[in-house]
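Written out below as structure tokens is the structure these notes cover.
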Protein chains: 2
Amino acid sequence: MLQQLTTLDEATPGALRPVLQPLPKLTEAGARLLEAAAALFYERGVRAVGVDLIAETAGTTKKTLYDRFGSKDALVALYLLQRAHRWRQHLLTRLAEGDDESRVLGVFDALEAWMGAQRRGCAFVNAYAELGDSEEHPAVPVIRAEKAWMRALFDALTGDIALGAHVHLLYEGTIVVRTAGAGADTATHAREAVRIALAAGGSAPR
Amino acid sequence: MLQQLTTLDEATPGALRPVLQPLPKLTEAGARLLEAAAALFYERGVRAVGVDLIAETAGTTKKTLYDRFGSKDALVALYLLQRAHRWRQHLLTRLAEGDDESRVLGVFDALEAWMGAQRRGCAFVNAYAELGDSEEHPAVPVIRAEKAWMRALFDALTGDIALGAHVHLLYEGTIVVRTAGAGADTATHAREAVRIALAAGGSAPR
DNA sequence: AGGTAACCATACCGGTCTGTATACTCGCAG
DNA sequence: CTGCGAGTATACAGACCGGTATGGTTACCT
């Protein structure tokens, strides 16, 4: 089952295939640049962070940045690609060692653990919001692929398309409300909502 | 009931009170500026739009913009305030003339009608994503108030806090998935999810 | 007639943006 | 020992940013 999940991307349409491509190998300074960019992009937003700051934070120069990544847009896309990679690793690790009663609820546990230290919500939603109407930005397919992957995950975990869609809506809603909302009890309500959805879904969670 | 909803803000904590303040009266050029800013902000994002462009689009000057609004930040906050105002008006109008079977589902119908022509998702979530770590931005309380208002609306419509939270998660998730997701069947799945939540909530929708 | 608020037009400020260019050092493999 | 990839350092281009300053022109109100 988990083996199937880790290769879930290959079952998705061709447009989403690149997401599975292994992350490109980076030089030493390149890795520092991506790490610095990721932290800054997530915390302040991709438009609010300039390449000068990224290079300085990484202890290197703009020259190296452009030699390695070509453009800021490409760096943004790679940042999201790496983040998706890490989130899936975190998720699948948690699901592997989760208790058997419900892997679906395990996703929400993993989300809670993941977001515990991160106050800025979903990096993909944030990036999409900032890209505006530039639909041709290289990060857009990465964002869409991430959402499609999560939806496919819930479909697989619940074994039902409607139920998967329901839980996926709860998943995305949870992130939004936890971030921009006020409620501190979001996690509790989300878990209860998932239980209700699963109970009404007819099939027991696998 | 609807009378109660229209004054829902007054029941919220003091911090959210300013949201109820009537929209300030604008001069002629001021109104054009706000209208131009609203369209540009929503379509391209608040950071991507400069005050020069806003003034030019409105057929006026930066001088007038700063005379009327004081700062770009204040203009952003007012843009969101006006948008919240219009969304609530749209929503309450639709709920008033909705069929009796379920006002909760009516919210999702109103959302569908509202978002039909708008491709950029939730203006509040987008703005929050762009503001980054500047928590002192004047738009932040407007955003939080909007989410709190929607949550309070669902609480009132369902008559149950847990159920209101559940439906609110579905509501926020629907916007995200419809925008950044791929699924075209989001509306159908969302309605079905709401029906399940209501059926399991115990109390019939009012 | 006088005052005032609104508006238009234009120029400017310091700063920042992405991206490029030049010149140098270092380690290493052929 | 030579060539080259990688990295450092600095400077610069051209555009754009939010915000300010100056001045002139309506329209309305008392």
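Each chain gets a letter, A, B and so on, in the order its sequence line appears, and its residues count up from 1.
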Checking contacts here: which listed nucleotide ([options]) is nearest the side-chain heavy atoms of [X]?
{"X": "B:Arg32", "options": "C:dC8, D:dT8, D:dC12", "result": "C:dC8"}
{"X": "A:Lys63", "options": "C:dG19, C:dT22, C:dA6", "result": "C:dT22"}
{"X": "A:Tyr66", "options": "D:dG7, C:dG19, C:dC8", "result": "C:dG19"}
{"X": "B:Asp52", "options": "C:dC8, C:dA21, D:dG18", "result": "D:dG18"}
{"X": "A:Thr61", "options": "D:dA9, C:dC7, D:dT20", "result": "D:dA9"}

Salt-bridge contact [X]-[Y] (side-chain N to carboxylate O under 4.0 Å):
{"X": "B:Glu112", "Y": "B:Arg191", "answer": "no"}
{"X": "A:Arg32", "Y": "A:Glu35", "answer": "no"}
{"X": "A:Lys62", "Y": "A:Asp52", "answer": "yes"}

Separation of [N] [atom2] from [X] [atom1] (nearest whole Å):
{"X": "B:Lys72", "N": "D:dC16", "atom1": "NZ", "atom2": "P", "answer": "15 Å"}
{"X": "B:Glu56", "N": "D:dC17", "atom1": "CD", "atom2": "C1'", "answer": "15 Å"}
{"X": "A:Leu40", "N": "C:dT16", "atom1": "CG", "atom2": "P", "answer": "15 Å"}
{"X": "A:Lys62", "N": "C:dT22", "atom1": "NZ", "atom2": "P", "answer": "16 Å"}
{"X": "B:Leu34", "N": "C:dC7", "atom1": "CG", "atom2": "P", "answer": "13 Å"}
{"X": "A:Leu65", "N": "D:dA9", "atom1": "CG", "atom2": "P", "answer": "15 Å"}
{"X": "A:Leu33", "N": "D:dT8", "atom1": "CG", "atom2": "C1'", "answer": "12 Å"}
{"X": "A:Arg47", "N": "D:dC16", "atom1": "CZ", "atom2": "P", "answer": "13 Å"}

Legend entry - B:Arg83 to B:Tyr42 six-membered ring, cation-pi geometry met (6.0 Å, 45°): yes
Inset, instruction - Report the relative orientation of the aromatic rings in A:Phe108 and A:Tyr171; use parallel for angles under 30°, tilted for 30 to 60°, perpendicular for over 60°. - result: perpendicular
Inset, instruction - Check whether any side-chain N or O of B:Arg68 sits under 4.0 Å from OP1 or OP2 of C:dC7, and answer yes or no. - result: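 Affirmative; the distance criterion is met.
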Inset, instruction - Output yes when at least one side-chain N/O atom of A:Ser71 is less than 4.0 Å from OP1 or OP2 of C:dT18, else no. - result: no
Inset, instruction - Pick base, sugar-phosphate or nothing for B:Gly59, based on heavy-atom distances below 4.0 Å to the nucleic acid. - result: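 Touches sugar-phosphate only.
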Inset, instruction - Could you tell me whether A:Thr64 contacts a base, only the sugar-phosphate backbone, or nothing, with contacts defined as non-hydrogen atoms closer than 4.0 Å? - result: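 Base, at least one base heavy atom under 4.0 Å.
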Inset, instruction - Let me know, please, whether A:Val51 or B:Gly30 comes out on the 5' side of the other along DNA chain C by nearest nucleotide. - result: B:Gly30
